[in-house]
Participant: 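Before I ask anything, here is the structure I am working with.
Note: hydrogens, waters and symmetry copies are ignored here, and every other heavy atom, side chains too, is used. Chain letters run A, B, ... following the sequence lines, proteins first, then strands; residues in each count from 1.
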Amino acid sequence: MTGNPLRIETSGGVLVGFVVLAVVVFELRTVLGMLFGIDVSGVVYFPVALAVLVGLLVAENALRSVGSKEG
Amino acid sequence: MNEGMVSADDGATHGDLERSVSAPPDQADVDRTLSHEEFDPKGTLALILVYFAILVGMWVFMYFVEFLGNGLTVVG
Amino acid sequence: MSTGSGAATFVDRYPEEASIVRQAFFVAFVAFGLGALFGVIQALHRTDILRFIPSTDYYTVLTAHGVLLVIVFTIFFLVGLFQWAITRSFDRPVEDIRITKAWLALMSVGSVVTGVTILLGFVDEVGISADVLFTFYAPLQAHPLFYAGLAVFLVGTWIAGADWFRSWLAWNAEHPDDRIPLQAFVVLTTMLMWYIATIGVAVAVLFFLLPWSLGLIETVNPLLTRTLFWFFGHPVVYFWLMPAYLLWYTVLPKIAGGRLFSDPLARVVFVLFLLLSTPVGIHHQYLDPGIAESFKFIAMTNTMFLLLPSLLTAFTVVASVEHGARQRGGTGLFGWLRALPWRDPAFTGMMLAGLMFAAGGFSGMINAGMNINYLVHNTLWVPGHFHLTVGTAVALTMMAGTYWLWPQLTNRRLYSRPIGLLQVVVWFGGMALMSNAMHVSGLYGIPRRTAEPQYQGFDFSTAFGSVAELNVQLAIGGTLLFVSALLFLANLAFSWGNPTTSGLGQTLPPALSGPDDSPRVLDNMRLWAAIALVLVALAYALPLGAIVADSGLFGPGGDAYPVTVVLNSVAVTAERLTASVGATLADVGGVLEVIR
Amino acid sequence: MHIHQYEKLWLGLSLLLIVGFVATVTYGAVGTPAISMIGDDGDTLNPNAIDDHPEFGDPGVEKVGESEYAAYVVARQFMFQPDPIVVPANTTVTFYVTSADVIHGFSVVGTNANTMVIPGEVAELTVEINDPGEYGIVCHEYCGNGHHGMEGLLKVVPADEYDGGDAE
């Protein structure tokens, strides 16, 4: 799709995607607790979830800069 | 007749900054022009089927597990 | 003045109308700021994170929060947006600007009177208060100015509607064969719904509550005024929602780079809202004694069918956005989502609002399910629900819409789009936290509308986690929302400092499937209004008749509260005194504090 | 009127969902046990005359059948009477709840026993109570500036420990 003047890739999509993913991950604990009766301690869950999310963000960022160098 | 179109120009001349974050430029430049007949919103259908599945699943859980399992049912 | 080569904006073409829109938005955003402040005070107070007001004042805060946000903020934004939509889509100035100014003034005066009456509740010595919450259920009684202000406000909205219908008639005389433009169609159907809905609250306020607060009548029938309130109280939620729908149907596809998927189906949706919004109010009264189960069942089926227009909207709006993405070169089953303008706060705000609405739709389905209502009735689940719907689907769309409309109304660019993007994203995240905590708390039985949901005799049992943790979630969420509200207001305020620029005009593209694809009968406002009235009569004649037959037009007796407490039995005196001693001491303490 | 076939499909699914919801609620209303809504069976009365009422004048629990009890409850700013409400286990209890002043709520916390309490109206709800235990009761409708202190207790005691009378 190169050459399409309308196609503008921005980091806005990454930010929004990240926040939506964060909310989904956050709700996952509620789903585990309410639907499956699995009580994961918030003190454990939230730091781990946050670490995973930040890891994903860093990885995504690294991949994107590699991609743009190649492209 | 489209309703009260102001002008054909849509702010396309404001440079990349404007364009990347604001409304897209004039639709005369579009990559593809899709009419109602040739446009199948299959992505929308997929998304909404996922939503449908979530709704049904959550409803069943809320009604039959949370509500009916909640004790002290009002019977009269 | 710097120049661009773009099109003329709304303010270029209709400066007087644009001024009206800006004024309406100004009142809306002042109310929004105050309402948000009262919101964060509650979030911190009821969770016992930070308390700096006495719990007895919590209900003044709650009343102000509710009335300022869902009456003043939403409805002032609505009239501003609708004035823009009518003028823009008919492409003609208002018939008489004096009338337009008059209704805006009436609405503003009414809002100020009601608002000030509520806020006087903080000043005990004045003896004026209206701590009756947004729902003002009798026999709790507010100062007459509270009801009088509401009445003046309502009359203002009625004249606004008449003003728009007048524009339609004038336009129609010149364009007898044209279809009503979609934006005007939304305004007209919504206002018809509003006229029908406000019958209930107008009767309650003018015939019962206002005369009663003035001492002209002795008693009111609490069940009757409550039922009349909900006659209005459900359609009003759709009244809040319709501005958001207007933006989703007519502006969002454009921002996405696409076109509305189906104009005919949009018309069907708005007709369905007109028909079904009102004969459902009894679903707020599923647990009311004095209303037969059969009436509740009818309200339940009507409510479930009212899901249909929203479900159809979900498809049409998402399909319109997908059309934009595909035109921008998006591909794949889900990959097209990446080709959307996510850096635009107007676009992202509306999309996130729509996503939250999908979640709020689910909790609304639970609320609507007659017997399952026992599980969630009056728990924190309910505010959890409506903070997703009116608090996000509506409020966030209004904020996002403002980002897009702002240059059209002022010829000035927005101060900062990145801050705008941050703002909508923070709102989304904050609401996710707060609303999740509220829904879960509700399922544990924690009630809404209370200053201290911490009880002496028992604890709430939790399926997972703890109540303390939910409180923290709720408080963090509420704080984020407040921060987001401040970001929004600051961004707008700083935008006034931008220089005016010409050529910021934006156009709205025609629908893929235009109005000519739909039958003309859809534009027959008289027909739909008549059918809507018949449906309302069918749903309400019998329940209202039964209530009046059972306990009379003015009820079986009883006093107004707050009043001088007249104890009529020695037996209960001791108990009541013991129970109220704490509250009284707190009051006395407060008075002493002030006197000192 | 041209409607895209995907949209027709979604319209059909939406209607199916709606009918499914109505069907589920109907199943709850007629299934076993049949969930009954708060209705209009209760009497109407003047809230200022409650103290002269034969039952609400001295609210409490009374035995009305083999294993059936009636609990008369008055909600007023900012308390429930009687408090606690004591009933024996493994019985059917009908609560008659009314208000002496403003609109209140009556909710047995963590259960589906839940009703509005409207002055002038008597809310009537019957529940089957099994095991002994204690439940909190909250007023869930704002009723004045002391609303947050309005709570009660429902004590379910083993049948042999039940003293048969008013707990007050």
Participant: Okay, side chain of B/Y51, backbone of C/A358: is any donor-acceptor separation there less than 3.5 Å?
Facilitator: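 The answer is yes, because a donor-acceptor pair under 3.5 Å joins these two groups.
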
Participant: Please report the interatomic distance OG(C/S320) to CZ(B/F39), rounded to the nearest 0.5 Å.
Facilitator: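 One gets 8.0 Å once the value is rounded to the nearest 0.5 Å.
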
Participant: For C/Y415, does the OH atom have more than 12 heavy-atom neighbours from other residues, nucleotides or ligands under 6.0 Å away?
Facilitator: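 Count not over threshold, so no.
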
Participant: Give, as side chain, backbone, both or neither, the part of B/I48 having an atom under 4.5 angstrom from any heavy atom of chain C.
Facilitator: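 Just the side chain, heavy atoms under 4.5 Å.
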
Participant: Supply the atom-to-atom distance B/T44 OG1 to C/H323 NE2, rounded to the nearest 0.5 angstrom.
Facilitator: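 Between atom OG1 of B/T44 and atom NE2 of C/H323 there are 11.0 Å.
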
Participant: On the 0 to 90° scale, with breaks at 30° and 60°, tag the C/Y374-B/F67 ring pair as parallel, tilted or perpendicular.
Facilitator: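 C/Y374 and B/F67: parallel rings.
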
Participant: What part of C/A346 is in contact with chain B, defined as an atom under 4.5 angstrom from a non-hydrogen atom: side chain, backbone, both or neither?
Facilitator: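 Looking at C/A346, nothing touches chain B.
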
Participant: Do you know which two heavy atoms are closest between C/G369 and B/W59, and how far apart they sit?
Facilitator: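 C/G369 and B/W59 have their closest heavy atoms at CA-CH2, 4.3 Å.
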
Participant: Is C/F261 in contact with chain B via its backbone, its side chain, both, or neither, using a 4.5 Å heavy-atom distance?
Facilitator: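 The answer is both parts of C/F261.
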
Participant: Between B/L47, B/I54, B/L45, which residue shows the highest count of heavy-atom pairs closer than 4.5 Å to chain C?
Facilitator: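 Max contact count across the listed options: B/L47.
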
Participant: Once you round to the nearest 0.5 Å, how far does CD of C/E322 lie from NZ of B/K42?
Facilitator: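 Here the interatomic distance stands at 7.0 Å.
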
Participant: Strictly less than 4.5 Å between heavy atoms, which residues of residues 68-76 of chain B line up against chain C? Please order them by number.
Facilitator: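 Listed by number: B/N70, B/V74.
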
Participant: Shortest non-hydrogen contact from B/G43 to C/W336?
Facilitator: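 Closest approach of B/G43 to C/W336: CA-NE1, 3.4 Å.
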
Participant: Do B/Y63 and C/I366 come close enough that some side-chain heavy atom pair is under 4.5 Å?
Facilitator: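 SC-SC contact between B/Y63 and C/I366 ruled out.
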
Participant: Do B/E66 and C/I372 make a side-chain contact, defined as non-hydrogen atoms from C-beta onward lying under 4.5 Å apart?
Facilitator: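 A side-chain contact under 4.5 Å is absent here.
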
Participant: Count the heavy-atom pairs under 4.5 Å between each of C/F362, C/F10, C/F347, C/F315 and chain B, then report the option with the highest count.
Facilitator: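 Among the listed options, the one with the most contacts to chain B is C/F362.
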
Participant: What pairs with C/N436 under side chain to side chain donor-acceptor pair (under 3.5 Å), at least two apart in sequence or on another chain?
Facilitator: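 So C/N436 forms a side chain to side chain donor-acceptor pair (under 3.5 Å) with A/T30, C/Q473.
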
